[in-house]
Trainee: 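Structure in structure tokens, see below.
Atoms within a ligand are numbered from 1 in the order they appear, just like the ligands themselves.
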Amino acid sequence: CIKKQRCTCILLFHNNPTCHLSCAFRSLVFCLVTALQNARERTLIAVKPDGVQRRLVGQIIQRFEQRGFKLVGLKMVQASHGILSEHYGELRTKPFFQSLLTYMSSGPVVVMVWEGHNVVQASRKMVGQTNPAEAPAGTIRGDFSVHVSRNVVHASDSQEGAQKEIQLWFPAKDLLDWDCCDQIYTIEV
Ligand SMILES: Nc1ncnc2c1ncn2[C@@H]1O[C@H](COP(=O)(O)OP(=O)(O)OP(=O)(O)O)[C@@H](O)[C@H]1O
Ligand SMILES: Nc1ccn([C@@H]2O[C@H](COP(=O)(O)OP(=O)(O)O)[C@@H](O)[C@H]2O)c(=O)n1
Ligand SMILES: [Mg+2]
């Protein structure tokens, strides 16, 4: 997408003699802004109470760091039924809803916001299917869990869902904008 926009800028230069420098400049700015917006995609990841009890927090964080994502928010909380009901609102009619709330409030959770290119989709792949029996080895659930009711970690399943979940768990002031010195080595800007 970034490359396509660069090509558009170049075509504007070469094919259209009436095109002004300012036009190309605007395209370039658009191109850069889009690249930066893509790089700033965010998702909510939570280590569930089973993951915390089993001392998997460090290994889970390490996987996201290693992949090249940037941690911009982190906290440990004892989640209330209120926040969990909202977080899992879409599952309200499911037979396991009450047991899900009981499990999720049974101990602390570690809630995080990770930022980076395509982070929502990439995280879902790193986490694996909801049912660990279907999650391949190499995914977090495939490596650390065996049962759907104790699947160690949560990851937002869409960009829209991520935005809602991030707002639910974090006041904006608790998310940090910081420069990752290796960013130019993880994406092409
Ligand atoms: N049949 C089930 N029995 C018990 N728990 C379940 C069952 N199905 C789902 N769950 C629990 O509810 C959670 C939420 O289900 P959802 O369909 O959102 O899966 P998910 O998106 O993979 O998980 P999460 O939202 O926690 O990342 C699951 O992660 C799992 O812990
Ligand atoms: N059959 C199921 C499905 C989900 N769940 C739990 O509900 C959570 C949320 O379900 P979900 O459908 O959003 O799946 P994920 O997004 O977690 O993969 C799961 O992670 C499980 O903890 C469950 O206990 N039993
Ligand atoms: Mg889900």
Trainee: Taking non-hydrogen atoms only, is Gln129 closer than 4.0 angstrom to ligand 1 via side chain, backbone, both or neither?
Mentor: neither
Trainee: N/O to N/O below 3.5 Å, does that happen between Asp157 and ligand 1?
Mentor: no
Trainee: For the NZ atom on Lys75, are there more than 12 heavy atoms of other groups (residues, nucleotides or ligands in this structure) within a distance under 6.0 Å?
Mentor: yes
Trainee: If hydrogens are left out, which of Phe96, Tyr88, Phe97, Tyr103 has an atom nearest to atom 1 (N) of ligand 2, that is, the closest non-hydrogen atom?
Mentor: Phe96
Trainee: Which part of Asn151 is near ligand 2, with near meaning a heavy atom under 4.0 Å away: side chain, backbone, both or neither?
Mentor: side chain
Trainee: What's the shortest distance from atom 26 (O) of ligand 1 to any protein heavy atom, and which residue and atom give it?
Mentor: Tyr88 OH, 2.5 Å
Trainee: For atom 20 (P) of ligand 1, what's the nearest protein heavy-atom neighbour? Residue, atom name and distance, please.
Mentor: Thr130 OG1, 3.3 Å
Trainee: Of the protein's non-hydrogen atoms, which lies at the shortest distance from atom 29 (O) of ligand 1, and what is that distance?
Mentor: Asn151 ND2, 2.7 Å
Trainee: Starting from atom 15 (P) of ligand 2, which protein heavy atom do you reach first, and at what distance in Å?
Mentor: Thr130 OG1, 3.4 Å
Trainee: Does ligand 1 have any atom sitting under 4.0 Å from a heavy atom of Arg141?
Mentor: yes
Trainee: How close does the nearest protein non-hydrogen atom get to atom 5 (N) of ligand 1, and which residue and atom is it?
Mentor: Ser149 CA, 3.7 Å
Trainee: Hey, does Lys48 come in under 3.5 Å of ligand 1, counting only N/O atoms on both sides?
Mentor: yes
Trainee: Please could you name the atoms of ligand 2 that Ser149 approaches to less than 4.0 Å, counting only its heavy atoms?
Mentor: 24 (O)
Trainee: May I ask you to check if Lys48 and Tyr103 form a cation-pi contact, with NZ or CZ under 6.0 angstrom from the six-membered ring centre and within 45° of the axis?
Mentor: no
Trainee: Using a 3.5 Å cut-off on N or O atoms only, is Leu100 in polar contact with ligand 1?
Mentor: no
Trainee: Is Arg141 in contact with ligand 2, taking contact as a heavy-atom separation below 4.0 Å?
Mentor: yes
Trainee: Identify, for atom 6 (C) of ligand 2, the protein heavy atom at the shortest distance, and state residue, atom and that distance.
Mentor: Leu100 CD1, 3.6 Å
Trainee: Is there a nitrogen or oxygen of His154 sitting under 3.5 Å from a nitrogen or oxygen of ligand 1?
Mentor: yes
Trainee: Closer than 4.0 Å to some heavy atom of Arg124 - which atoms of ligand 2 meet that?
Mentor: 15 (P), 16 (O), 18 (O)
Trainee: What's the separation between atom OG in Ser85 and atom CD in Gln98, rounded to the nearest 0.5 Å?
Mentor: 7.5 Å
Trainee: Indicate, as side chain, backbone, both or neither, the part of Met104 found under 4.0 angstrom from ligand 1 when only non-hydrogen atoms are considered.
Mentor: neither
Trainee: Please state which option from His147, Lys48, Gln129, His87 has its nearest heavy atom closest to atom 8 (C) of ligand 2.
Mentor: Lys48
Trainee: Do other residues, nucleotides or ligands put more than 12 heavy atoms under 6.0 Å from the CD atom of Glu134?
Mentor: yes
Trainee: Is a salt bridge present between Asp50 and Arg141, judged by a nitrogen-to-oxygen distance below 4.0 Å?
Mentor: no
Trainee: May I ask you to identify, for Ser156, whether its side chain, its backbone, both or neither come under 4.0 Å of ligand 1 on a heavy-atom basis?
Mentor: neither
Trainee: At under 4.0 Å between heavy atoms, which part of Leu91 makes contact with ligand 1: side chain, backbone, both or neither?
Mentor: side chain
Trainee: Does CD in Glu90 sit with more than 12 non-hydrogen atoms of other residues, nucleotides or ligands closer than 6.0 Å?
Mentor: no
Trainee: Which one holds for Asp157 and ligand 2: side chain close, backbone close, both close, or neither close, with close meaning a heavy atom under 4.0 Å?
Mentor: neither
Trainee: Classify the ring geometry of Phe64 against Phe69: parallel below 30°, tilted from 30° to 60°, perpendicular beyond 60°.
Mentor: tilted
Trainee: Going by the closest heavy atom to atom 9 (C) of ligand 1, which one wins out of Phe97, Phe96, Tyr103?
Mentor: Phe96
Trainee: Please write down residue, atom name and distance for the protein heavy atom closest to atom 21 (O) of ligand 1.
Mentor: Arg124 NH1, 3.0 Å
Trainee: Considering heavy atoms of the protein only, find what lies nearest to atom 10 (O) of ligand 2 and give residue, atom and distance to 0.1 Å.
Mentor: Leu91 CD1, 3.5 Å
Trainee: Give the contacting part of Val148 toward ligand 1: side chain, backbone, both or neither, where contact means a heavy-atom distance below 4.0 Å.
Mentor: both
Trainee: Would you mind running through ligand 1 and noting each atom that sits below 4.0 Å from a heavy atom of Ala155?
Mentor: 27 (O)
Trainee: About how many Å separate CD of Gln183 and NE2 of His117, when rounded to the nearest 0.5 Å?
Mentor: 11.5 Å
